[in-house]
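Everything on this sheet refers to the single structure shown next.
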Amino acid sequence: MTGQVRTVDGRVAGRRGQATRQKLLDCLSEMLSSSPYRDVKVIDVARKAGTSPATFYQYFPDVEGAVLEIAEEMAKEGATLTELVAGRSWVGKSGWQAAEELVDGFLGFWRKHDAILRVVDLGAAEGDKRFYKIRMKILNAVTNSLTDSVKELQSKGKVDKDVSPAAVAGSLVAMLAAVASHQKGFQSWGVKQAELKPNLALLVHLGITGKKPTK
């Protein structure tokens with residue numbers, strides 16, 4: 001943890017205080033993996049962390065405030081998703097590799113942060129601007145880079161000039177997010193993870209280049 005960590009009343013937390021605060025966040029993250037967000041109570045988080053509700057309230061105003069802290073940290077990691085796309089070539093075999101790595105990285109990020117992303121999606125769907133901004137920060141990391149990729153292909157005459165780069169990129173990222181949040185559901189359709197990735201990569205490649213991939 002970098003920088004100064006402060007309590008709710010503005011005091012700078014010491015090393016032990018920072019450790020306690022982080023333990024509360026870790027316990028909350030663990031609980032979100034097994035319990036509905038609305039069912040998580042301060043007293044349960046504090047008990048799991050081996051401390052008291054009073055200590056919890058020293059660092060967070062409520063459960064939602066702590067959840068937002070976890071979500072913000074997750075969004076910082078999500079910003080690195082842009083590395084999956086930025087500067088990549090979508091021509092020839094390189095294009096297929098770019099599509100595969102984007103799908104793999106995107107689905108992997110969603111699996112890793114599944115619990116907190118479900119809460120973010122719920123908050124955003126209910127109109128909470130704080131959760132909406134976090135969700136958009138993650139999606140923008142990929143959307144902006146994909147938009148640039150389509151623009152570059154257009155400039156080289158490889159994509160029709162009537163195509164809207166932002167519309168294509170946004171649609172593909174929205175599709176990726178929907179699929180990523182529904183990964184377990186594909187099993188009920190008889191689709192294995194090993195089958196999902198290449199077929200999703202095919203759709204991404206077609207969307208960006210308008211062509212079947214060269215493998």
Would you check if the side chain of E152 reaches a backbone N or O of S149 as a donor-acceptor pair within less than 3.5 Å?
-> no
Taking side chain as C-beta onward, heavy atoms only, is S29 less than 4.5 Å from I116?
-> no
Under the side chain to side chain donor-acceptor pair (under 3.5 Å) rule, what pairs show up with a residue in residues 115-128, not counting sequence neighbours?
-> R38-E126, D114-R118, D121-R135, D128-R130
Aromatic plane relationship, W189 with H182 - under 30° parallel, 30 to 60° tilted, over 60° perpendicular | tilted
Interatomic distance, OG1@T82 vs CG@N140, rounded to 0.5 Å, equals 10.0 Å
Please confirm whether the backbone N or O of V142 pairs with a side-chain atom of S145, one donor and one acceptor, at under 3.5 Å?
-> no
So how far is it from I208 CD1 to L146 CG, rounded to the nearest 0.5 Å?
-> 4.5 Å
Does the pair E72/K76 count as a salt bridge with the N-to-O cut at 4.0 Å?
-> no
Do side-chain atoms of S35 reach the backbone of L32 as a donor and acceptor pair under 3.5 angstrom?
-> no
Would you check if the side chain of Q154 reaches a backbone N or O of D160 as a donor-acceptor pair within less than 3.5 Å?
-> yes
Only counting residues at least two apart or in another chain, list the ones meeting side chain to side chain donor-acceptor pair (under 3.5 Å) with W110.
-> none
Heavy atoms from other residues, nucleotides or ligands near OH of Y132 exceed 12 (cutoff 6.0 Å) | no
For residues 39-56, the salt bridge (charged side-chain N to carboxylate O under 4.0 Å, His left out) pairs (sequence neighbours left out) are E30-K48, D44-R47
Smallest heavy-atom separation, I134 atom then A75 atom, equals CG2-CB, 3.9 Å
List the steps and the verdict of side chain to side chain contact (heavy atoms under 4.5 Å, CB included) for V191 and N199.
-> CA-CA 11 Å; V191 179; N199 284 281; over 6 Å; no
